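What follows is a single structure, written as structure tokens, with notes after it.
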Amino acid sequence: MRREIGCNRIDHEVSRRSFVAGSAAGAAAVGGLLTPAQAEAVKSGQKRILQVFLQGGVSQFESWDPKPGTKYGGPFRSIPTSVPGTHISELLPHTAQRMHLLSIVRSVDLKTNDHRIGRLRLEKGRTTGEFPYVGAVASKYLAPPNPPLPGYLHITTRGLEDNTNAFLGAQHAQLKLLGVNAPENLARPAGINEEAAQRRNEFRRLANERFAGRGGQPAFTEAFDSSFEMARRLMKRKSLFEQEPSAKDVERYGSHPFGVRCILARELLNNGATCVKVTHHGYDTHAENFNFHLEQLDEFDKTFCMLLDDLHDSGMLESTLVLVYSEFGRTPKLNQRYGRDHWGASFSVALGGCGIVPGAVVGSTNADGTEVAKREVRGGHLFHTYFRALGLDTSANHDITGRPVPIGDPAAAPIEELLA
Amino acid sequence: MTDLAEDKSMSDPQTGNRPAPPPLPENPIDVTQTHVVAEFKHDIPLTTCRIDPTGQFVFAGAEDFHVYRWSLSGDDSSKTIFAGHQSWVRSLDFSRDGNLVFTAGYDHQIGVWNAADASPKPIRMIDAHKGWVRWVRVSPDGKLLASCGNDNLIKLWSIPDGKLQQEFVGHKRYPYAAVFHPDGKRLASFDLMGVIKDWDIETGKELRSIEAKFMWGFDQKFRADMGGARDMRFSEDGKTLIVAGLTEVTNAFAGVHKPMLLLVDWEKFEHRHKWKDDAYKGMAWGVCEHPDGFLVASGAPQGGNKGMLWFLKPGEEKPFHSVQLSHCARGLDITPDKRQLAVPQFDGKLCVYQMTAPLNISGTARTS
């Protein structure tokens, strides 16, 4: 289906050319194109992650691995992309034009059809055990000292109270943001001025030192300390949640909840966040799979591409790993309600940006999409790939009070052909 | 409720073919005796069906992108493929003489075909809408074809040359169905959100609009809309617009809702009667009016596979009869003589039901 493009790619090409020319001319020229925050983000050299989680399980047939005209292919057609030979679903016309910035893994087999287990296997890169999520690992190893924002921010509207940091410190746990609302209690209590607040904070620090000096376990105070520190940083950046998105941004990204959440995600990344996860709900389509994918992917497609464009045009994409994923895909076979059910045996994940070869397609499914045909990929492979792309040695160990724990699953390895 | 036993009395035991055309049964309409008289098999789920105006053929769309034609007096071997669309066909209609069949494709196209060709090829494929073409209907005078699609437009096409005649702009969400009023001057349409519009065919202007929000639901958890007409027709006298669909959506993504029929008083343009089956979670996929003063509707359940035929009198709360189908219905049509029903099913079968008592083996009427 053709949809209103909203903006012409040539605009972005011009913008990129201008950016390159500006870079060559010097920092002053760059400063004219980027916001100060973006310029700082590019200059800092920090690496970061943007996770776009299509909750419920986006259909691989209706997105990254279309099979039109086959037994289970459904009604949608495939369309060519900016990568010659690569086709994706007609439901992603904007993404198709930017496929040269992304790659697709079409052969993911998580060996589960369970929402929670699928999510955990992708986030932890392990099939079992308590291990930190991608975002927590990013917070631990990619965030600079004294980061301006909590390391792992998740913009969502629903539940999911997992133990995301596992054995990593509490400061690396997911901070869940309910939509674009600021976390609660960011404002200083009435009656406490700045000076009083500083004195209270200093008193807390001294009490912690005294506790530690008397043999108290540092882990107890570190967890509290990190919470206070996180709150302090967020209070300083309160304006990020208070500013209304510009009319231009709303026009580009859309006024729907996913649109304004992606605008916030961009602002958080621009302002020093290490991992930002945005959840787009509504893909668990046991009924009316096609009508719902029309709606959901129509919302996702342009909005995601505006965010991708902004990262690309600012130069931040080179240092930002972008992931688009679900906890599983959907069954090849349609049920009687025009639905597709849970299917973790052969589905797709898209990724791009920092350290990832652009425009690649890894693996394949068979003609009817019922199983992986080539290059089976599991959660562990993806986990290794993400962090190797970001420059982290995933064969190294976490140091858990002297006990080594491998960062990546030793039974898995990176997808080398995806690594730039 | 009737237990179905296939009536094989009309089949030739030597060839498996039924004599063509079958003599009209003498038995009077008695829906309590509704029984299967033919079953055409396909290996892919069907999406819709229509019987041509001559009553010779039944056509069905399938999830393999093709349309299939069977002879109502023949058997499976009469199956003829209409290949030309690149996606599913969910709506069909015919020229008044039955010579042409028009197909609405999710490939954004309308197909025009000779209905009786032995090896059908499209006469014309029209790039009709930006997005799915959800519905096609021929005007009472046979000169115009109405379509609606995912570009939120209703369009009128000249049948002789396939040229666009008129666009009706006004629906904000996908229109699911559009049908001509029998007077040929007006057109009704029904969209995802339960908005019903009345259009002037001559000017293309929207004349009236009412809402049937109870045939739409917004799933708060998943944040998605579910609604729309799955079938829509005018009564033959033009006084009632009849819509089949769903109501009381409690979980859109699991398909938890109830089947609904809505009768709209066309003159007053207000809801006359709403019928839902509280005991049956699922969807009403088709509806037909019978000249004996009742409606027939087909449905599919949320779980299990037992489709349903409901026989209802307008205004009454409960069906006076129902028939359990061998699988989930995906539509419904009635023969021109109003004695038989065709039901396309999810299991790929197209079942033909006769609304009379079965004939005995000698072909004479058997009353019960």
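No experiment lies behind these values; they were computed from the predicted model shown. Heavy-atom basis, side chains included; hydrogens, waters and symmetry copies ignored.
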Self-check item: Residue pair Pro45(B) / Gln336(A), side-chain heavy-atom distance below 4.5 Å
Solution: no
Self-check item: Residues that His115(A) engages under ring-ring contact (aromatic ring centres under 6.0 Å, His included), provided they are two or more places apart
Solution: Phe328(A), His342(A)
Quiz item: Can you find a heavy atom in the side chain of Leu192(B) that is under 4.5 Å from one in the side chain of Glu295(A)?
Solution: yes
Quiz item: Tyr72(A) versus chain B, heavy atoms under 4.5 Å apart: side chain, backbone, both or neither?
Solution: neither
Practice problem: Would you mind telling me which of Gly255(B), Gly228(B), Gly304(B) has the largest number of heavy-atom pairs within less than 4.5 Å of chain A? | Solution: Gly304(B)
Quiz item: Given the options Pro301(B), Gly105(B), Gly282(B), which has more heavy-atom pairs under 4.5 Å with chain A than any of the others?
Solution: Pro301(B)
Quiz item: Between Tyr106(B), Trp88(B), Trp132(B), which is the residue that forms a side-chain contact (heavy atoms from CB on, under 4.5 Å) with Phe76(A)?
Solution: Trp132(B)
Quiz item: Phe292(A) and Asp225(B): which non-hydrogen atoms are nearest, and at how many Å?
Solution: CE2-O, 3.3 Å
Practice problem: Please state whether the side chain, the backbone, both or neither of Gln296(A) comes within less than 4.5 Å of a heavy atom of chain B. | Solution: side chain
Practice problem: Check Asn335(A) against Arg330(B) and note the closest heavy-atom contact, atom names and distance. | Solution: O-NH2, 3.9 Å
Exercise. Check Ala254(B) against Ala287(A) and note the closest heavy-atom contact, atom names and distance.
Key: C-CB, 3.8 Å
Quiz item: Counting heavy atoms not belonging to Lys258(B), are there more than 12 under 6.0 Å from its NZ?
Solution: yes
Self-check item: Under 4.5 Å from any heavy atom of chain A - which part of Gln302(B)
Solution: both
Quiz item: In Å, rounded to the nearest 0.5 Å, how long is the span from NZ of Lys71(A) to CG of Asp43(B)?
Solution: 7.5 Å
Practice problem: Supply the atom-to-atom distance Gln86(B) CD to Arg77(A) CZ, rounded to the nearest 0.5 angstrom. | Solution: 8.0 Å
Exercise. Using non-hydrogen atoms and a 4.5 Å limit, figure out which bit of Asp64(B) sits close to chain A: side chain, backbone, both or neither.
Key: neither
Quiz item: If you draw a 6.0 Å radius around CZ in Arg124(B), do more than 12 non-hydrogen atoms from other residues or ligands fall strictly inside?
Solution: yes
Quiz item: Just how far is it from atom CG of Asn291(A) to atom CG of Asn150(B), taken to the nearest 0.5 Å?
Solution: 7.5 Å
Quiz item: Under a 4.5 Å heavy-atom cut-off, does chain A meet the side chain of Phe253(B), its backbone, both or neither?
Solution: both
Quiz item: Taking every heavy-atom pair that is under 4.5 Å apart, which of Cys328(B), Gly307(B), Ala300(B) has the most such pairs with chain A?
Solution: Cys328(B)
Quiz item: Just wondering, more than 12 heavy atoms not from Lys213(B) lying within 6.0 Å of its NZ?
Solution: yes
Quiz prompt | Nearest-0.5 Å distance that lies between atom OH in Tyr338(A) and atom CE in Met283(B) | solution = 9.5 Å
Quiz item: Taking Gly339(A), Gly282(A), Gly73(A), Gly56(A) one by one, which has the highest count of heavy-atom pairs under 4.5 Å against chain B?
Solution: Gly282(A)
Exercise. Apply ring-ring contact (aromatic ring centres under 6.0 Å, His included) to Phe214(B) and list each qualifying residue two or more places apart in sequence or on a separate chain.
Key: His271(B)
